[in-house]
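Since the model is a prediction, treat every value here as computed from it, not as a measurement. Here is how names work: the chains are called A, B, and so on, in the same order as the sequence lines, proteins then strands, and each is numbered from 1.
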Protein chains: 2
Amino acid sequence: MARKAGSHADITGPAIRAAALRLFARSGYAAVSMRQIAAEVGVGAGALYLYTPDKQTLLFDLMQEHMTALLAAWEAVDKGSTPQDHLQAFVAFHIDFHIDRPDAVFLAYMELRNLSPGNFAAIEALRRRYENQLQSILENGSGTGAFKIDDARITTMALIAMLAGIHVWYRDGGRLSRDRIQTIYRELVRRTVSP
Amino acid sequence: MARKAGSHADITGPAIRAAALRLFARSGYAAVSMRQIAAEVGVGAGALYLYTPDKQTLLFDLMQEHMTALLAAWEAVDKGSTPQDHLQAFVAFHIDFHIDRPDAVFLAYMELRNLSPGNFAAIEALRRRYENQLQSILENGSGTGAFKIDDARITTMALIAMLAGIHVWYRDGGRLSRDRIQTIYRELVRRTVSP
DNA sequence: GTCTATATCCGGATAGAC
DNA sequence: GTCTATCCGGATATAGAC
């Protein structure tokens, strides 16, 4: 396809998203200017508006992509047969997926309040769908007697919060290997629901 | 003491802090203007600078007060004698203290990145002191055999994250009473560390 | 102690040249 | 497709009147 000299749409679009993700995660949506993002990419501020109608949509797209990728990746996981296997698979998946995407995770947890009401509702619905995956596992296992659970909804929120907390202290190359972290958290989760 | 007509320093100072706390928690530090805070209090924007040198210090003071109040309140708690009692007291205290201060809790967790480096270090040190309270309980109980714990630091972070997650879903007058929440989380924590 | 007015700067978003 | 220049609004913080 013919293209004008100086055109870089194929790389500029992704570069803008990557820069926005990094900067939003580091400094917060409200504290980052479109000029900063443009400077990071190496284009003028005006050029950004060829790729997004406005700053709000840029934030929303980043969050929506993260959440849909999360749900799609979980769909593709081999979940085993027993409720115990199912739960262990969820924990392993969650840790792996989140540890590889610290910026997107941070954004999805911290910038909800900077979404417009409509965008907020859309992201919340996706998050709720993900939470419900775990809640179903717990309810199934509770039904069969594989788990002992007081309140499935609260336990769901407690476990998700516990796992989400990893991003607070995890650093690449830190004291614990990824495998070790997986082992510790699998055991923590197993204990919280074991009969 | 004599005072000019129109003087309200004794109420304006606290009113500014209360308004800033509410607005920062609701919309985020970067998204709230000094004009908004002043309007909420019912004074002009310029008057704020009689009570704080700048916006950053206002944020820092709110966070520092919250953290020192948290540590002081925990010092005053009757902690029981056994490691199990000690841990249960921590959980009960944490839930009570945090459920009563949703705005301050939100601020302390969400606005760390909007602190200047020096202010950030000060707040982080206070947070670390609080985390260490729990970690000591776990290490003591692990030493006596009262608890079975893989990694005390990770378990500390996991439990704090789990408890902190309450603020995500808790609403006054919601499905669960405060007592019921305390009961559920005490049991969750007990299971995580029981031998 | 508070208000009004203002200095100074930076924000998002757009228009038109190349 | 990108750049430069710009509109326009709003930000923090200060100065001086009352």
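- For B/Arg191 and A/Asp150, the salt-bridge test fails: no basic side-chain N is under 4.0 Å from an acidic carboxylate O.
- Pairs engaging residues 155-182 of chain A under the ring pair (Phe, Tyr, Trp, His ring centres under 6.0 Å) rule: A/Phe106-A/His167 [sequence neighbours left out].
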Let me have a per-nucleotide readout for nucleotides 3-12 of chain C, 5' to 3', with B, S or -, counting only protein heavy atoms under 4.0 Å. S-------BB
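- C/dA13 atom P lies 12 Å from atom CG of A/Leu59, rounded to whole Å.
- Put simply, CG on A/Leu48 is 14 Å from P on D/dT4, counting in whole angstrom units.
- Ion pairing between a basic and an acidic side chain is recognised when a charged N comes within 4.0 Å of a carboxylate O; B/Asp96 and B/Arg178 show such pairing.
- For the pair B/Ala15 and B/Val41, the tightest heavy-atom approach, listed with the atom from each and the gap, is O-CG2, 3.6 Å.
- Salt bridge annotation for A/Arg113-B/Glu111: present, with a cationic side-chain nitrogen under 4.0 angstrom from a carboxylate oxygen.
- Put simply, CG on A/Leu50 is 16 Å from P on C/dG16, counting in whole angstrom units.
- Checked against B/Trp74 for a ring-ring contact (aromatic ring centres under 6.0 Å, His included), the options B/Phe97, B/Tyr130, B/Phe90 give a single hit: B/Phe90.
- Looking at heavy atoms from C-beta onward, B/Arg175 lies in side-chain contact with A/Ile154 at the 4.5 angstrom threshold.
- Listed pair A/Thr12 / D/dT2 meets the phosphate criterion, a side-chain N or O lying under 4.0 Å from OP1 or OP2.
- Within residues 113-122 of chain A, no residue places a heavy atom under 4.0 Å from DNA chain D.
- Distance alone, capped at 3.5 Å, places no donor-acceptor pair between the B/Ser27 side chain and the B/Phe24 backbone.
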